[in-house]
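Below is one structure, written out as structure tokens, with a few remarks after it.
So you know, we letter chains A, B, ... as the sequences are listed, proteins then strands, and number each from 1.
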2 protein chains.
Amino acid sequence: MFQLEEELPLSAQACTNKLASIGDALYVIGGKWKLRIILALQEGKKRFNEIQRAVEGISARVLSHELKELEINGFIKRVVYTETPVVIEYELTQYSDTLQDVLESLSKWGEMHRRRIMHVPVNE
Amino acid sequence: MFQLEEELPLSAQACTNKLASIGDALYVIGGKWKLRIILALQEGKKRFNEIQRAVEGISARVLSHELKELEINGFIKRVVYTETPVVIEYELTQYSDTLQDVLESLSKWGEMHRRRIMHVPVNE
DNA sequence: CGGGATCCCATTTGATACTG
DNA sequence: CAGTATCAAATGGGATCCCG
């Protein structure tokens, strides 16, 4: 997987690695919902329906599915309070803190982009 | 859209904005291929088939479609050299440079994540 | 309330073939 | 080479019902 290709310049090698890394990243946090759910939980732990309200447009089925994946990948924890009434809450793990930079750069860029498409002519 | 909700703490407002920004970002650069294509083009301008070879797994149909979207959104330029033989090349615009931070944080995180899942037990 | 199960449609994607 | 056309398969996602 990491054999050296003599024909490729070093920069190409570096790019290949970056490409793979970004691939890995997109694999676990890509898709329409995952980052939004994580972001919603940054306000604090939430219950299922609270998350659904916070993440506009997501259905219960999809939310359920995404929460499971996020838990498997270690981003969130599902906590069950057994005292009646039973309450189930989702909260971020410390691992999801490692996404700070990603979230920050993404939201920064998104904000910039929105401003651009609002008052820039169609062609550059 | 930016009215103040009295019930929400300020942090919640900020989160809502971030969420929207990230939504905007994911809208244009989300999906399985767009960032990979951009990354591939960071090595330099490339022709259609070269891109297809660089971005492993993408089909001609999907690549064609993605290239169009990327062009519409101002990330790449399609350049036709009319001297025979006619050559068509794709290159990044300056606008795609604004994605540096995003790409950087994503690839960094992806690399870190890969290392983690390679030698960390299943549960945290 | 917190989901799971099922059904069903729409969009995406892949494979293959084809064309200027 | 630079795509397009076509069809089939996979996936995504909504709606609804159900259960403890």
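For B:Lys18 and A:Glu111, the salt-bridge test fails: no basic side-chain N is under 4.0 Å from an acidic carboxylate O. With salt bridges taken as basic N to acidic carboxylate O contacts below 4.0 Å, none links B:Lys77 and B:Glu89.
Rounding to whole angstrom units, CD of residue A:Glu66 and P of C:dG3 are separated by 14 Å. Between the NZ atom of B:Lys32 and the P atom of C:dG14 there is a distance of 5 Å, given to the nearest Å. Going from atom CH2 of B:Trp33 over to atom C1' of C:dT12 covers 12 Å, rounded to whole Å. Between the C1' atom of C:dG3 and the CD1 atom of A:Ile51 lies a distance of 12 Å, rounded to the nearest Å. The nearest whole Å value for the distance from the CD atom in B:Glu50 to the P atom in D:dG3 is 13 Å. Rounded to a whole Å, the CD atom of B:Glu56 is 18 Å from the P atom of C:dT13. For the pair B:His65 NE2 and D:dA5 C1', the interatomic distance rounds to 15 Å; values are reported in whole Å. C:dC1 atom P lies 16 Å from atom CG of A:Leu67, rounded to whole Å.
Residue A:Glu71 qualifies as enclosed at atom CD: its count of foreign heavy atoms under 6.0 Å is above 12.
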Give me the distances for all protein-to-nucleotides 15-18 of chain C N/O pairs that come in under 3.5 Å?
unit_1	atom_1	unit_2	atom_2	d
C:dA15	N6	B:Arg61	NE	3.4

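The phosphate of C:dG4 (OP1 or OP2) has a side-chain N or O of A:Ser64 nearer than 4.0 angstrom. B:Tyr81 has no side-chain polar atom (N or O) that falls below the 4.0 Å cut-off from OP1 or OP2 of D:dC1. One finds a side-chain N or O of A:Arg78 lying less than 4.0 angstrom from the OP1 or OP2 phosphate oxygen of C:dG3.
Residues meeting the salt bridge (charged side-chain N to carboxylate O under 4.0 Å, His left out) test with A:Lys32, sequence neighbours left out: none. Not a single salt bridge (charged side-chain N to carboxylate O under 4.0 Å, His left out) links B:Glu50 to another residue, sequence neighbours left out.
The A:Asn49 side chain lies nearest to C:dG2 when the options are D:dG3, C:dG2, D:dA2. Of all nucleotides listed (C:dG14, D:dG3, C:dC1), D:dG3 comes nearest to the side chain of B:Phe48. In this structure, the nucleotide among C:dG2, C:dG4, C:dG14 sitting nearest to the side chain of A:Lys68 is C:dG4. Listed nucleotides D:dG14, C:dG2, C:dG14 differ in distance to A:Val62; the shortest reach to its side chain belongs to D:dG14.
Residues B:Trp109 and A:Asp101 fail the side-chain proximity criterion, which asks for heavy atoms closer than 4.5 Å.
Relative ring orientation between B:Phe48 and B:Tyr90 is described as tilted, the plane-to-plane angle lying within the 30° to 60° band.
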